[in-house]
Asker: 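The structure follows.
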Amino acid sequence: MGATATGKSLHFCSSQDPLSFLSLTMTKSKAETLNLNIRFSKPPLTPNSRRLRLSIRASSPSSTALNDPPLPSLTNSDLQLRVRILSESLPYIQKFRGKTIVVKYGGAAMKSAELKASVVRDLVLLSCVGLRPVLVHGGGPEINVLLNQLNIPAQFRDGLRVTDARTMEVVSMVLVGKVNKDLVSRINYAGATAVGLSGMDGRLLVARPSPNAAQLGFVGEVARVDPTVLQTIVDNGSIPVIASVAADEYGQSYNINADTVAGEVAAALGAEKLILLTDVAGILRNREDPGSLVKEIDIKGVKKMIEEGKVGGGMIPKVNCCIRSLDQGVTTASIIDGRVEHSLLHEIMTDEGAGTMITG
């Protein structure tokens, strides 16, 4: 069983153990083929259950960082399971096919080569099965490296980078010139087509100074979003990759929090889902207890947790970003653990999810 498209083919297969595989083969050229495999456990899927587990691995004949062991050979029993695997994954593909998913990428997932490869593979797979992903990224660690090399001290106030003129120049160089193009190249290599943008391109974002501009310098907020250029890219089947830098009406560049940019872009696009990749498991009922993860909560419930002091620190702006996007029409917003490989697929392709989902 398989589905084919120009330059790409979709194949479903299983392994020789009790687990089964959904195999996605994307042929980039006669010499290069990338195989992506989703592994699901055998318990049957129901739309309301959270029992499905999955993992991903990729292999490519060429010698790159994406290489993994070759795919397992198929037996007759493997072939018989193809229809079953398709049936198990179908509800999720049907639910999100044709829907826009905005993903904010940063933190640990940006520092680790393995996690970076995981995010790229997840995005490409989601695109290939019919979702419309949009990636927004920061790049704090990379900015710090270059600042250190240039002997420019990195300063933070209330979790935000103090950005003077020299720092703003470094931020633009790193986010737009380095991180953005690296992600675009990786997505292109993995078999999809990515288009790199900053907030300045196509007048995508117009910035305004932060209310604390006197203390923070060129740290900005999103004044408005024009999604026209994004809509064209997404409608063409490509993946926009957006650096969180924008200019105001006078051309002055600003450093904008990537979570904020992702939330505003999701609202402007009428996205089905906003996903923030973070360095924590999600929202915890008890910040000292990793086992107290809140799987799902509505706006009223999460606001109450903030009032009670159960949500604090750096989680508050992330939660507020999610609330704002939901208020503007995004269906759900999730804060998930970016330290876990393929957490993006766990969040979208399973009922269990990979963190906390906030609903309107």
Side-chain angles (χ1 to χ4, degrees), residues 55-58 64-68 102-126 133-156 158-163 167 170-190 194 196 198 219 239 241-245 255-262 274-284 290 293 313-315 317-318 321 334-347 354-356:
S55 63
I56 292 285
R57 67 179 184 176
T64 73
L66 296 179
N67 277 351
D68 270 337
V102 177
V103 178
K104 181 267 179 172
Y105 168 61
M110 186 169 277
K111 300 174 191 175
S112 161
E114 291 78 11
L115 292 175
K116 184 180 291 187
S118 165
V119 171
V120 168
R121 293 170 192 159
D122 289 359
L123 286 169
V124 172
L125 190 146
L126 293 172
V134 175
L135 185 65
V136 177
H137 68 86
E142 297 271 9
I143 294 170
N144 291 339
V145 168
L146 185 53
L147 286 174
N148 184 58
Q149 291 173 350
L150 297 173
N151 295 317
I152 300 174
Q155 302 178 51
F156 293 86
D158 298 327
L160 297 174
R161 183 184 299 277
V162 177
T163 308
T167 303
V170 171
V171 168
S172 292
M173 286 192 294
V174 171
L175 294 189
V176 181
K178 185 171 187 249
V179 176
N180 187 270
K181 301 316 169 193
D182 175 66
L183 289 169
V184 168
S185 296
R186 287 172 178 270
I187 292 171
N188 287 344
Y189 179 80
S198 71
V219 172
I239 301 175
V241 181
I242 305 168
S244 56
V245 174
N255 179 22
I256 304 180
N257 179 274
D259 293 330
T260 301
V261 172
L274 168 67
I275 300 176
L276 307 182
L277 288 169
T278 68
D279 290 345
V280 295
I283 298 174
L284 304 177
L293 177 67
M315 184 60 72
K318 294 182 184 300
C321 163
S334 296
I335 300 172
I336 70 172
D337 195 344
R339 301 168 299 177
V340 178
E341 282 196 38
H342 305 294
S343 57
L344 187 54
L345 281 184
H346 277 280
E347 177 61 28
T356 300

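Because the structure is a prediction, the values reported are computed rather than measured.
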Asker: Just wondering, do V103 and V119 contact through their side chains at under 4.5 Å, heavy atoms?
Answerer: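 Result no, sub-4.5 Å side-chain heavy-atom pair not found.
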
Asker: To the nearest 0.5 angstrom, please state how far the CG atom of N144 sits from the CD atom of Q149.
Answerer: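 Taking CG in N144 and CD in Q149, the distance rounds to 11.0 Å.
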
Asker: Is there a donor-acceptor pair under 3.5 Å between the side chain of N188 and the backbone N or O of A194?
Answerer: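 The answer is yes, because a donor-acceptor pair under 3.5 Å joins these two groups.
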
Asker: Between the main-chain N or O of E114 and the side-chain N or O of S118, is there a donor-acceptor pair closer than 3.5 Å?
Answerer: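 Not at all, since once roles are kept as given, no pair shorter than 3.5 Å links the two residues.
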
Asker: Could you give the distance from CE (M173) to CD (E142), rounded to the nearest 0.5 Å?
Answerer: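 Result: 12.5 Å between the selected atoms.
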
Asker: Any chance you could lay out the side chain to side chain contact (heavy atoms under 4.5 Å, CB included) test for L345 and L126, step after step, and finish with the verdict?
Answerer: CA-CA 8 Å; L345 281 184; L126 293 172; 3.5 Å; yes

Asker: Would you check if E341 and L115 make a side-chain contact, meaning some heavy-atom pair closer than 4.5 Å?
Answerer: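 Result yes, sub-4.5 Å side-chain heavy-atom pair found.
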
Asker: Should V134 and I242 be marked as a side chain to side chain contact (heavy atoms under 4.5 Å, CB included) after you check the CA-CA gap, both sets of side-chain angles, and the distance that decides it?
Answerer: CA-CA 8 Å; V134 175; I242 305 168; 3.9 Å; yes

Asker: Between atom OG1 of T163 and atom CD1 of I143, what is the distance when rounded to the nearest 0.5 Å?
Answerer: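 Output value for this atom pair is 8.0 Å.
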
Asker: Which atom pair, heavy atoms only, marks the closest approach of C321 to L276?
Answerer: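 Closest heavy-atom pair between C321 and L276: SG-CD1, 4.5 Å.
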
Asker: Okay, side chain of T278, backbone of I336: is any donor-acceptor separation there less than 3.5 Å?
Answerer: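 Checked: pair present.
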
Asker: Is there a side-chain contact between L146 and K178 in this structure, where contact means two heavy atoms from C-beta onward sitting under 4.5 Å apart?
Answerer: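 No, their side chains stay 4.5 Å or more apart.
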
Asker: Nearest 0.5 Å, please: how far is CG in L277 from NE2 in H137?
Answerer: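 Here the interatomic distance stands at 13.5 Å.
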
Asker: If every non-hydrogen atom of L293 is compared with every non-hydrogen atom of A281, which pair is closest and at what distance?
Answerer: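 Between these two residues, the closest heavy atoms are CD1-O, 3.6 Å.
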
Asker: Hey, does S244 have a side-chain heavy atom less than 4.5 Å from the side chain of L175?
Answerer: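 SC-SC contact between L175 and S244 confirmed.
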
Asker: Looking only at heavy atoms, which two atoms of G138 and A258 are closest? And how far apart?
Answerer: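 Taking every non-hydrogen atom into account, N-CB, 3.8 Å.
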
Asker: Looking at side-chain heavy atoms only, is the closest gap between Y105 and L183 below 4.5 Å?
Answerer: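 Side-chain contact under 4.5 Å: yes.
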
Asker: For the CG atom of N255 and the OG1 atom of T167, what is their distance to the nearest 0.5 Å?
Answerer: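 Here the rounded value is 9.5 Å.
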
Asker: Could you check whether atom NZ of K116 has more than 12 heavy atoms from other residues, nucleotides or ligands sitting under 6.0 Å from it?
Answerer: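 Atom NZ in K116 is crowded, with more than 12 foreign heavy atoms closer than 6.0 Å.
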
Asker: Side chains of R161 and L147: does their closest heavy-atom pair fall under 4.5 Å?
Answerer: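 Touching, per the 4.5 Å side-chain cut-off.
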
Asker: Any salt bridge between R186 and D182, counting N to O under 4.0 Å?
Answerer: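 So R186 pairs with D182 through a salt bridge.
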
Asker: Please round to the nearest 0.5 Å and tell me the distance separating atom CG of D279 and atom CE of M110.
Answerer: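 If we round to the nearest 0.5 Å, D279:CG and M110:CE are 11.0 Å apart.
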
Asker: Do any N or O atoms from the side chain of N180 and from the backbone of V241 form a donor-acceptor pair under 3.5 angstrom?
Answerer: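 Here the side-chain-to-backbone pair exists.
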
Asker: Minimum heavy-atom separation for A354 and E347, please, with both atom names.
Answerer: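 What the structure gives for the nearest pair is N-OE1, 2.9 Å.
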
